[in-house]
Amino acid sequence: MYLKMKRKIGSPKKKRTSLRSILIGILAAAWMIPIAVFTWFIFYHYQRAYTEKSDNLIRNAVEVSAVLIKTDIDEAIIKSRKPSYEGEWESGYMGYIRGNTRRNAYLASIKSSLISKYYMDNRIARYAFYLEGDETPSCYSAKNGYSYGDFLKYVQPVALDLARRDTSYVEIHVVDNQIYVMRNLYTVSDYHRYGTLVLGLNKSALFSGLPLEGEGRVLLSFPDDEEFLSLYPEKEKEIYRILRGYAEEDEARGGTVSLAIGSERGYCHTCVTDNYTFTLYYTTPGEALYKDVFRLNVIALITMLCMVPLMILTFFLLSRHMQKPLEKLAAVSRRLREGELGITLPKEQIPNEEFTELVESFNDMSSQLKHLFDTVYLERMAAKDAQIEALQAQINPHFLNNTLEMMNWQSRMNGDIETSRMIEALGTVLDAGMNRNNDRLVRLAEELRCGDAFLYIMSMRFGTRLRVEKEIKADTMQVKVPRLILQPLLENAIRHGIEKVNSGIIWLKIYPVEDSGGDFDGERIFIDVVNTSRPLGPEKMEYIEGIICGRHAMDRGEPGAHTSIGIYNVNRRIQLIYGVQYGLGVFQEGELFTTRITIPKNFEEDNDG
């Protein structure tokens, strides 16, 4: 007869969120949040940081370039002052005005000096010397093909303007897209102007080696000149004029201005010294500055577009492999709850191994539940009958003891004293194993009584092949020890020692040992079982130690396995009672094999344990 299960009648069941909605929410959170964070990082934080870093790098490069150009101009200024410091030109001029030296000879010496000082210098492109009163260069030389006519047309007016002014300051001018260092020369003795020196700097050398991409986008300007200095003047654009306006506003601070103008990015740095002031301009296309950012944006966009089908695929797989199997399980569970005992779900409808195992477990549970309801009464009756039979099959230990007593009495009546003693010894060993009083610890004297009985039985078996010697301190007899710790060691000594040789000796030594510190607390007792044995190798000794501490598994079907199990149990019980610092140990010296039990001498048993 089937039992029908009914749902409890009560308040209406609260509607819960479906697994499908939960999966959609989880997927949305698991995908959209990382995508949003990734998008913010790439399109805002990273771009901003990259742009700032690139802008700072270009700023630094512009400032370094200005310092390099300033260094070259300063060196040219120093070179322009050398004639005044050396005094050679001045002394020649004094000889010339006194009539001691002819004009041609004086100018020849000036020209020779110009060649020695400036011709081999790659940073000097041309030079000219105006003798006081001359309207054209008294000496002139150019190395880079700049024509003399262009010099007279463009540069000479500026040089003559300086020659007419009474000043010894060095002036820097940009004329015809060339940069010049100009200064008047004065005598030291009476401060009389005797000439004007013009040094044209090598524009290519000035711009070479700058840490900027595209030397053609670098320009220089000086406050008093309207012209720019550039390698490619035809590339001058309106952006430089816009930057110049910002540079003039920022000139007092001597800083670097960065400005975005259309598709270009412009930089200008004003360098102020005691002798001159100049501004360096540099422009770079915006797409060159942001090309890596643009490339990264494309990669990020493609990655996010690829995530969309991946997210859809993830939802489909989760729905197919999780949601639908759970819905099917929930459906059959409802039918089981409504009373359809034994209902099962076909495994072919389940798409993965994990849910297949779950369905198999559900099917087994449903079948077992049906079987339980069908056969519960018969199984209960059968269980009661089996319990009664088990109780009837128990053996009364008193029957075994009474039988041994009858055998012992019959042996004594027949005068067979040896058989009577063996029966008494066997009874002692069996009585110790039964533990009628359920004692965990016994006196050492009682444990020795069981050991003596066992040795007596073994001596009847081995005869003169076995000899036993004892060395037992009297003050150890009342020490409490666990039951049956001596008999397994004695059996092990006979089984694996005496039986392997023709004849042997077993020494039983029990003595106290004073504590020497370490892990032990108080005086200890050593119980040594020493037997003659064949020498054992290191591997065998390691194997025996592994059995004692439980590292090696023991096959109960192997010969002598019960003795190995016995010594393991002895060690385990000692450590459980006294602690892991006590227990069983083995060692060998020659043909003598020793098994040692270490226990505390003074131990108070916990009655609650």
Side-chain angles (χ1 to χ4, degrees), residues 425-426 428-433 435 440-459 461-462 465-473 476-477 479-501 504-513 524-534 536 540-550 552 554 558-578 582-589 591-601:
L426 178 59
T428 301
V429 174
L430 291 177
D431 187 59
N435 190 14
R440 187 171 65 159
L441 299 178
V442 297
R443 303 288 180 185
L444 182 57
E446 183 178 345
E447 183 67 14
L448 284 172
R449 181 170 170 267
C450 175
D452 290 339
F454 175 77
L455 288 174
Y456 176 77
I457 296 173
M458 291 296 104
S459 66
R461 173 188 172 189
F462 288 94
R465 290 178 57 195
L466 173 63
R467 186 158 57 94
V468 179
E469 295 185 4
K470 301 177 184 178
E471 297 179 12
I472 302 173
K473 296 294 183 179
T476 63
M477 298 301 290
V479 174
K480 286 197 171 186
V481 298
R483 296 181 63 85
L484 292 178
I485 62 171
L486 191 56
Q487 184 269 334
L489 271 59
L490 296 172
E491 183 178 359
N492 187 71
I494 294 173
R495 178 79 178 181
H496 299 287
I498 305 303
E499 285 187 357
K500 305 298 182 181
V501 295
I505 305 175
I506 293 179
W507 287 272
L508 179 58
K509 301 179 180 181
I510 304 175
Y511 53 95
V513 178
R524 292 171 287 160
I525 297 294
F526 283 174
I527 302 175
D528 292 348
V529 177
V530 185
N531 62 275
T532 53
S533 171
R534 292 178 181 176
L536 303 178
K540 185 64 176 177
M541 291 294 294
E542 182 180 357
Y543 178 75
I544 294 172
E545 292 173 354
I547 290 176
I548 292 174
C549 65
H552 297 303
M554 295 165 287
E558 293 183 358
H562 70 281
T563 58
S564 298
I565 296 172
I567 61 175
Y568 165 74
N569 288 338
V570 168
N571 181 65
R572 184 62 178 156
R573 284 190 292 132
I574 291 174
Q575 290 185 343
L576 287 174
I577 294 172
Y578 301 118
Y582 299 98
L584 205 60
V586 294
F587 54 90
Q588 187 174 28
E589 297 179 1
E591 295 183 352
L592 298 180
F593 185 85
T594 301
T595 305
R596 172 174 292 170
I597 294 176
T598 304
I599 60 176
K601 184 176 181 181

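As a basis for the values below, the full set of heavy atoms in this structure was taken, side chains included, without hydrogen atoms, waters or symmetry mates.
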Next item on the list: Drop me the distance from Y578's OH to L441's CG, to the nearest 0.5 angstrom.
Entry: 5.0 Å
Check: Can you name the nearest heavy-atom pair linking R483 to V442, along with the distance?
Finding: NH1-CG1, 3.1 Å
Margin query: Counting neighbours of CZ on R573 that are heavy atoms of other residues, nucleotides or ligands and sit closer than 6.0 Å, is the number greater than 12?
Written below: yes
Check: Which one of I527, I472, T476 satisfies the side-chain contact (heavy atoms from CB on, under 4.5 Å) criterion with L448?
Finding: I472
Next item on the list: Tell me, please, which residues at least two apart from E446 pass side-chain hydrogen bond (donor to acceptor under 3.5 Å, both in side chains).
Entry: none
Checklist line | Beyond-backbone contact of E471 with Y511, side-chain heavy atoms, under 4.5 angstrom | finding: no
Next item on the list: Report the distance from atom CD1 of I510 to atom CG of D528, rounding to the nearest 0.5 Å.
Entry: 9.0 Å
Check: Taking side chain as C-beta onward, heavy atoms only, is V529 less than 4.5 Å from T594?
Finding: no
Margin query: Testing the basics here: between G451 and L486, what is the closest heavy-atom pair and its distance to 0.1 Å?
Written below: CA-CD2, 4.5 Å
Notebook entry, point to check: With a 4.5 Å heavy-atom cut-off, do L489 and L584 have their side chains touching?
Noted result: yes
Note to self: How close do V513 and F526 get, counting heavy atoms only, and between which atoms?
What the structure shows: CG2-CD1, 3.4 Å
Item checked: Beyond-backbone contact of N531 with I505, side-chain heavy atoms, under 4.5 angstrom -> no
Next item on the list: For R495 and K500, work out which heavy atoms get closest and say how close.
Entry: O-CE, 4.0 Å
Margin query: In the structure I gave you, are the side-chain heavy atoms of K601 and R524 within less than 4.5 Å of one another anywhere?
Written below: no
Next item on the list: Could you please spell out the steps behind the side-chain contact (heavy atoms from CB on, under 4.5 Å) verdict for C450 and L484?
Entry: CA-CA 8 Å; C450 175; L484 292 178; 4.0 Å; yes
Next item on the list: First locate atom CZ of F462, then atom CD1 of I506, and finally report the distance between them rounded to the nearest 0.5 Å.
Entry: 8.5 Å
Next item on the list: Determine the minimum heavy-atom distance between V570 and P488, stating which atoms define it.
Entry: CG2-CG, 3.9 Å
Margin query: Run the side-chain contact (heavy atoms from CB on, under 4.5 Å) test on M477 and R443 for me, step by step, so that the C-alpha distance in whole Å, both residues' side-chain angles and the decisive distance to 0.1 Å come before the verdict.
Written below: CA-CA 7 Å; M477 298 301 290; R443 303 288 180 185; over 6 Å; no
Notebook entry, point to check: Ion pair present between E499 and R465, side-chain N to carboxylate O less than 4.0 angstrom?
Noted result: no
Checklist line | Shortest non-hydrogen contact between I485 and E447, atoms and distance | finding: N-OE2, 2.9 Å
Check: Say you draw a straight line from CZ of R461 to CD1 of I494; how long is it, rounded to the nearest 0.5 Å?
Finding: 8.0 Å
Notebook entry, point to check: Is the closest side-chain heavy-atom distance between P512 and K473 below 4.5 Å?
Noted result: yes
Next item on the list: Please tell me if the side chains of M541 and Q588 come closer than 4.5 Å, counting only heavy atoms from C-beta onward.
Entry: yes
Item checked: Backbone of E591 reached by a side-chain donor or acceptor of R534 within 3.5 Å -> no
Margin query: Could you measure the distance from the CG atom of L536 to the CZ atom of F593? Nearest 0.5 Å is fine.
Written below: 6.0 Å
Check: Mind checking what makes side-chain hydrogen bond (donor to acceptor under 3.5 Å, both in side chains) contact with E469, not counting sequence neighbours?
Finding: R467, W507
Item checked: From OG1 (T595) to CG (N571), nearest 0.5 Å -> 11.5 Å
